[in-house]
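Just so you know, these numbers use all the heavy atoms, side chains as well, and skip hydrogens, waters and symmetry mates. To find a chain, count down the sequence lines: A is the first, B the second, and so on, and within it residues start at 1. As the structure is a prediction and not an experimental result, all values here were calculated from the model.
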Number of protein chains: 2
Amino acid sequence: MKKVSLSDISKELGVSKTLVSFVMNGRAKEKRINDEVAKKVLAKAKELGYKADYLARAMRTGKSQTIGLVMADISNPFFSKLARSIENEIAKFGYNVIFGSSDEDHIKSGKLIEVFKDKKVDGLIICPTVGDKNHIKKLNKEKYPYVLVDRYFKEIPSNNVMVDNYGGSFEIVDNQIKSGRKKIAFINFNVELINMMDRFHGYLEALKVNGYELDNTLVKNVSFKDIEKETYEAMEELLNVNPKIDSIYFANNRLAFLGIKYLIENNINDLKKLQLSSFDGFDFMPLMQMHISYGIQPIEQLGISAVDSIMKQINNKEESSKHAMLPMDLSLIN
Amino acid sequence: MKKVSLSDISKELGVSKTLVSFVMNGRAKEKRINDEVAKKVLAKAKELGYKADYLARAMRTGKSQTIGLVMADISNPFFSKLARSIENEIAKFGYNVIFGSSDEDHIKSGKLIEVFKDKKVDGLIICPTVGDKNHIKKLNKEKYPYVLVDRYFKEIPSNNVMVDNYGGSFEIVDNQIKSGRKKIAFINFNVELINMMDRFHGYLEALKVNGYELDNTLVKNVSFKDIEKETYEAMEELLNVNPKIDSIYFANNRLAFLGIKYLIENNINDLKKLQLSSFDGFDFMPLMQMHISYGIQPIEQLGISAVDSIMKQINNKEESSKHAMLPMDLSLIN
DNA sequence: CTGAAAGCGCTTACAG
DNA sequence: CTGAAAGCGCTTACAG
């Protein structure tokens with residue numbers, strides 16, 4: 001089963017490669033090629049099992065029908081669901097996706113971006129890390145099609161698709177307050193990711209609107225690398241130093257998972273005394289010992305919007321710097 | 001920042017493209033190129049910011065430095081963790097991975113395999129679906145590098161990396177019996193995936209070894225597509241028809257999740273009466289209301305072994321049809 | 001309506 | 001030790 005090329009067809013039929021190429025690319029009408037000839041070409045192509053060589057075409061046209069997806073960690077459910085949504089949506093355009101995980105390390109994400117560009121992806125979908133500013137600036141300068149997902153930089157113009165972190169966070173905390181909680185602790189990451197900052201600001205605003213003072217001893221920031229240890233430490237400090245805490249709000253599901261793990265391991269499970277909430281959840285949250293309020297991120301829509309943006313850019317239909325924001329869904333417990 | 005090509009360097013330096021190519025590919029010594037000349041080339045390449053065009057090279061050499069990963073569903077934690085393991089491991093060889101989800105549909109997986117081959121991936125890592133036999137046979141015939149993961153076909157030779165489904169399943173059920181359970185129900189998928197069949201056989205063997213009779217009313221098989229509804233139905237039938245059931249064993253974590261959801265929604269949570277076990281788990285299983293015994297699949301090792309196999313094949317170091325089997329880890333509750 | 005030819009940026013057999 | 005040249009399989013401006 002040796003490779004069939006354009007020239008095999010052209011030779012067998014005694015026509016030029018040009019003609020065959022036009023026909024195979026569906027440009028027969030446009031190029032006003034004789035119907036009979038076009039049919040013959042198509043038939044012969046089928047007979048020989050011709051399939052255009054992807055690499056040759058990609059090299060010539062500069063289009064690879066592939067996009068690159070750079071995110072923090074494909075094994076994290078948020079990202080794997082996002083990846084799936086992107087896969088499904090972009091398949092509609094005949095595209096595939098090549099992916100890489102940065103672990104929130106901008107050295108890694110920078111390398112991934114470069115490699116994917118080398119591999120001539122037609123566009124990039126990126127969940128940028130804090131240090132990715134320069135990479136984004138570079139993409140802007142090169143006018144390389146890309147869209148940021150889940151995070152962006154206020155000071156750098158970009159196409160991006162975001163979740164309403166601020167609004168969702170506000171609602172969750174506001175609900176805690178409305179259900180009578182007085183001392184609401186907050187555990188977040190100690191990085192300057194805009195999505196995490198916005199969640200903090202939502203927390204602040206909910207306090208303010210309800211006439212609560214911010215108590216800095218109630219706010220803990222843990223590092224991404226040492227998340228297990230530091231979350232445990234944060235829980236311990238919160239509960240020991242401040243025994244009046246009656247609610248803990250986790251900035252994401254991983255933190256919530258670890259926090260709940262701590263509580264269960266330490267037999268702290270009186271939900272009347274201590275209520276829990278999390279910015280986003282896992283499927284299993286409703287099945288746990290510790291009931292918890294949580295937000296539901298519109299992950300599928302996030303992927304759809306990202307693909308929409310990148311495909312518009314690839315087809316030159318979109319101006320740059322479009323900021324999209326999707327609302328959160330909430331599962332609240334009183 | 002226009003593209004710098006080989007010939008740019010060769011022109012500037014007055015040497016041939018051949019020479020530049022050799023130097024850039026680290027074959028200077030081998031080709032016994034003058035050290036001075038080689039250094040000059042390297043310096044000029046650096047000065048100009050030369051980077052070999054990936055597509056041109058790939059077209060010429062037929063190597064894309066990319067592998068294709070075909071699995072059931074990237075958003076399923078098992079597969080997303082596997083994807084991550086593969087990503088990490090293959091990065092060590094300078095490779096990237098392009099992925100696609102088949103949803104256990106062999107039409108989809110067949111298409112993915114074809115597309116990835118079109119895109120000239122150097123190898124494929126595949127979690128095959130039941131209907132993929134012909135696709136695998138075709139790959140065998142073409143001698144295309146691939147390795148099966150998590151499933152394989154007994155009647156078709158292949159390189160594959162498996163988990164010890166039979167042994168792990170045996171241990172789990174044996175543990176239930178040893179802890180005094182008399183009527184152990186089993187919920188599985190109704191498909192002929194070898195991994196699921198092996199889990200069933202492990203269940204059978206544990207019964208047999210302990211002198212239990214197989215009671216067919218205790219075994220339920222649900223479909224992949226209608227999993228939620230059918231798992232609920234299975235749970236209902238099991239518990240109503242057979243009130244003496246004192247243990248339910250789920251063939252995978254998704255089934256366990258749904259089964260537990262059913263139990264919680266129906267307030268059935270007396271673990272003394274009804275014990276639970278699952279072939280594989282989720283991180284959160286220890287945190288749930290319903291305690292459950294579960295196996296822990298060596299996912300990371302699965303990815304590492306798969307990459308090992310595929311890279312050996314790509315580098316022509318491995319004969320075909322190597323069957324690897326990795327042991328399960330268990331988290332058992334009495 | 002159709003074709004000869006150039007070119008994308010590499011690699012490599014061949015020649016000296 | 002080095003180079004001229006062919007070729008991978010396409011696409012497309014140009015010419016008629």
Report task. Find the partner of C/dA4: check Watson-Crick (N1-N3 plus N6-O4 or O6-N4) and G-U wobble (N1-O2, O6-N3) distances, both under 3.5 Å, and reply none if neither fits. Result -> none
Requested in this report: Looking at every strand, decide which applies to A/Lys51 at a 4.0 Å heavy-atom threshold: base, sugar-phosphate, or nothing.
Outcome: sugar-phosphate
Report summary line: Between B/Arg60 and B/Phe22, whichever has its closest DNA chain D nucleotide further toward 5' is B/Phe22
Report summary line: Comparing nearest nucleotides in DNA chain D, the 5'-proximal residue of the pair B/Ser16, A/Lys17 is B/Ser16
Report task. From the options C/dC10, D/dT2, D/dT12, select the nucleotide whose nearest atom is closest to the side chain of A/Ser21. Result -> D/dT12
Query raised in the report: Hey, does A/Ala52 reach any base, or is it just sugar-phosphate, or nothing, if we go heavy atoms under 4.0 Å?
Result: sugar-phosphate
Query raised in the report: Charged N to carboxylate O below 4.0 Å: is that the case for A/Lys39 and A/Asp35?
Result: no
Query raised in the report: Under 4.0 Å between a side-chain N/O of B/Tyr50 and OP1 or OP2 of C/dC10, yes or no?
Result: yes
**Report entry** Of residues 37-47 of chain A, the positions that come close to DNA chain C - non-hydrogen atoms, cut-off under 4.0 Å
**Finding:** A/Val37
Requested in this report: Could you tell me whether B/Leu19 contacts a base, only the sugar-phosphate backbone, or nothing, with contacts defined as non-hydrogen atoms closer than 4.0 Å?
Outcome: sugar-phosphate
Query raised in the report: So, is A/Ser5 near the phosphate of D/dG9, with a side-chain N or O under 4.0 Å from OP1 or OP2?
Result: no
Query raised in the report: Relative to the ring of A/Phe99, is the ring of B/Phe99 parallel (under 30°), tilted (30 to 60°) or perpendicular (over 60°)?
Result: perpendicular
Report task. Report yes if at least one side-chain N or O of B/Thr18 is closer than 4.0 Å to OP1 or OP2 of D/dG3; otherwise report no. Result -> no
Report summary line: dist B/His323:NE2 -> B/Asn159:CG (nearest 0.5 Å) comes out at 11.5 Å
Query raised in the report: Nearest to the side chain of A/Asp53 - C/dC10, D/dC10, C/dT2?
Result: D/dC10
Query raised in the report: Would you say A/Glu114 and A/Lys138 make side-chain contact, with heavy atoms under 4.5 Å?
Result: yes
Report summary line: When rounded to the nearest 0.5 Å, the distance separating OG of B/Ser305 from CE of B/Met325 is 12.5 Å
Report summary line: A/Arg57 CZ to D/dT11 P, in whole Å, measures 5 Å
Requested in this report: Decide whether B/Lys119 and A/Thr66 meet the rule of one side-chain donor and one side-chain acceptor closer than 3.5 Å.
Outcome: yes
Report task. Name the pairing partner of C/dA13, where a pair is Watson-Crick or G-U wobble with both distances under 3.5 Å, or state none. Result -> none
Requested in this report: Output yes when A/Arg57 and B/Asp118 qualify as a salt bridge under the 4.0 Å nitrogen-oxygen rule, no when they do not.
Outcome: no
